[in-house]
Amino acid sequence: MNDIRDLLPGRMRERTFQLKARRDAGVAWHEPQFVECKQCGRRATRQIWAKSLFVCPNCGNHQPIGAYYRLSLVLDSGSFRELDEELAPQDVLGFPGYTDKLAAQTQKTGLSEAAVTAVGRIGGVAVVAAVLDSRFFMGSMSTAVGERVTRAIEYAAAKKLPLVIFSASGGARMQEGIFSLMQMAKTSAAIERFSAKGGLYISVLTHPTTGGVTASFASLGDIMLAEPGALIGFAGPRVIEQTIGERLPEGFQRSEFQMEHGFVDKVVPRSELRATLIQLLQLHAGGRKTE
């Protein structure tokens with residue numbers, strides 16, 4: 001897949017990965033030194049936010065984070081190897097202005113698409129991981145995102161590795177129309193084939209996980225985890241209220257509500273997520289480190 005990059009020394013690959021993670025956290029470039037919580041409105045220095053893993057030090061709100069930064073929080077040091085980085089989005093419908101917007105998103109985030117997939121280790125156990133990044137077109141599912149996720153699932157199946165997907169999405173990408181919607185069936189079918197081979201799939205739902213991603217691979221995990229306060233659903237609560245003409249219950253569609261109603265197995269704070277994944281993966285591996 002990434003034959004040339006695979007020839008690079010592991011140390012160089014790790015340095016590149018860590019630089020991308022630092023960029024995601026806003027410490028590699030000249031980002032504003034103060035970050036404001038979107039929930040409580042309180043401000044704190046970027047250093048304080050970084051120390052708390054971008055969980056608000058005042059109210060505990062889990063702020064969305066970049067894909068490389070998230071991977072750096074869970075993967076063992078030196079184990080990261082990216083998959084299909086060269087797979088770029090396509091303007092399949094010739095949608096007006098889409099190409100320019102893609103270029104602007106890449107310039108802004110440093111990403112080539114909303115999904116990053118990789119092989120790595122968590123607690124010594126080899127895994128395939130995929131992360132949707134809400135900074136790039138709100139993590140929407142394009143044909144390239146669907147293809148990257150599908151290839152990651154198929155790679156995990158071929159190598160007999162467990163699969164961990166971190167979802168964060170606004171749903172389908174409108175600029176790709178029906179081709180975006182087709183990714184729901186494509187990724188779901190890949191998960192079904194992976195499951196039929198006995199693969200372990202841990203789905204981690206982060207804020208927000210909505211639309212076609214919720215209606216496909218994000219909801220198909222053998223184990224369903226979620227970060228605190230994450231919005232999880234198909235349509236948003238405002239749309240639902242306007243449609244049914246009724247007030248929704250307090251906390252509707254939040255991860256705690258979803259766990260209470262059986263959709264999520266456990267709500268895990270970001271600071272505990274790596275330890276939780278290690279426990280689950282090592283149990284699955286029978287206590288042995290996998291190759």
Side-chain angles (χ1 to χ4, degrees), residues 2 4-38 42-58 60-88 102-123 127-139 145 148 152 164-169 204 206-207 227 268-275 277-278:
N2 293 330
I4 295 177
R5 275 183 293 276
D6 288 347
L7 296 176
L8 294 175
R11 185 175 297 179
M12 184 182 299
R13 215 167 43 230
E14 180 65 14
R15 284 179 179 174
T16 302
F17 169 54
Q18 290 299 333
L19 179 59
K20 290 180 178 181
R22 283 165 55 82
R23 179 194 61 205
D24 283 357
V27 297
W29 314 108
H30 299 292
E31 296 284 347
Q33 288 305 301
F34 286 88
V35 178
E36 182 177 304
C37 176
K38 295 179 180 179
R42 299 282 295 275
R43 301 175 73 209
T45 65
R46 184 167 294 276
Q47 289 79 4
I48 291 175
W49 276 92
K51 189 176 293 186
S52 66
L53 309 183
F54 286 86
V55 175
C56 178
N58 298 300
N61 180 52
H62 282 56
Q63 179 169 298
I65 55 177
Y68 292 103
Y69 179 65
R70 184 175 289 282
L71 286 170
S72 75
L73 297 181
V74 296
L75 293 182
D76 296 351
S77 177
S79 69
F80 171 87
R81 180 167 66 85
E82 189 161 357
L83 301 173
D84 300 303
E85 185 182 3
E86 74 288 347
L87 206 163
L102 286 169
Q105 290 288 299
T106 296
Q107 177 69 25
K108 180 181 177 181
T109 65
L111 299 169
S112 60
E113 245 303 354
V116 174
T117 59
V119 180
R121 291 178 181 272
I122 301 177
V127 301
V128 173
V131 186
L132 297 190
D133 195 319
S134 61
R135 298 173 304 158
F136 195 102
F137 272 100
M138 200 50 213
V145 167
R148 285 190 183 188
V164 182
I165 300 181
F166 300 85
S167 294
S169 178
V204 184
T206 71
H207 179 75
E227 287 193 329
V268 185
R270 190 170 293 165
S271 60
E272 300 174 13
L273 187 54
R274 174 174 156 84
L277 290 174
I278 288 174

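Below, each value reflects all heavy atoms present in this structure, side chains not excepted, and no hydrogens, waters or symmetry copies.
- Across all non-hydrogen atoms, the minimal contact from Ala118 to Phe80 is CB-CE1, 3.5 Å.
- Once rounded to the nearest 0.5 Å, the distance linking CZ of Arg46 with CZ of Phe54 reads 5.0 Å.
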Item checked: salt bridge (Lys or Arg N to Asp or Glu O under 4.0 Å) assessment of Lys20 paired with Glu85 -> CA-CA 13 Å; Lys20 290 180 178 181; Glu85 185 182 3; 3.0 Å; yes

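- Panel note: side chain Thr117, backbone Leu83; a donor-acceptor pair is recorded below 3.5 Å.
- With Glu227 as reference, Arg270 is the one residue of Arg270, His62, His207 to meet the side chain to side chain donor-acceptor pair (under 3.5 Å) rule.
- Considering only heavy atoms from C-beta on, Arg70 stays 4.5 Å or farther from Leu132 through its side chain.
- Scanning all heavy atoms of the two residues, the minimum distance from Thr206 to Ala168 falls at OG1-CB, 3.2 Å.
- Between the side chain of Ser169 and the main chain of Gly139, a donor-acceptor pair closer than 3.5 Å is present.
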Checklist line | Worked verdict on Val74 versus Phe166 for side chain to side chain contact (heavy atoms under 4.5 Å, CB included) | finding: CA-CA 11 Å; Val74 296; Phe166 300 85; 4.1 Å; yes

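- Rounded to the nearest 0.5 Å, atoms CD (Gln18) and OG (Ser72) are 6.0 Å apart.
- For Asp133 against Ala67, the heavy-atom pair with the smallest separation is OD2-N, 2.8 Å.
- No option in Arg148, Glu86, Gln105 other than Arg148 meets the side chain to side chain donor-acceptor pair (under 3.5 Å) test with Ser112.
- Ionic pairing of Arg135 and Asp24 is present here: one or more N-O contacts between side-chain nitrogen and carboxylate oxygen are shorter than 4.0 angstrom.
- Across every non-hydrogen atom of Thr109 and Phe136, the tightest pair is OG1-CD1, 3.7 Å.
- Within the 3.5 Å criterion, the main-chain N or O of Cys56 finds no donor-acceptor partner in the side chain of Asn61.
- Formation of a donor-acceptor pair under 3.5 Å by the Thr106 side chain with backbone atoms of Leu111 is found in this model.
- Considering CG of Leu73 and OG of Ser271, their distance stands at 10.5 Å, rounded to 0.5 Å.
- Between the CG atom of Leu71 and the CD1 atom of Ile122 there is a distance of 8.5 Å, given to the nearest 0.5 Å.
- Here the straight-line distance linking atom CG of Leu19 with atom OH of Tyr68 works out to 11.0 Å at 0.5 Å rounding.
- In this structure, the separation between CG on Leu75 and CZ on Arg274 is 8.0 Å, given to the nearest 0.5 Å.
- Under the 4.5 Å side-chain criterion, counting only non-hydrogen atoms from C-beta, Thr45 is in contact with Phe34.
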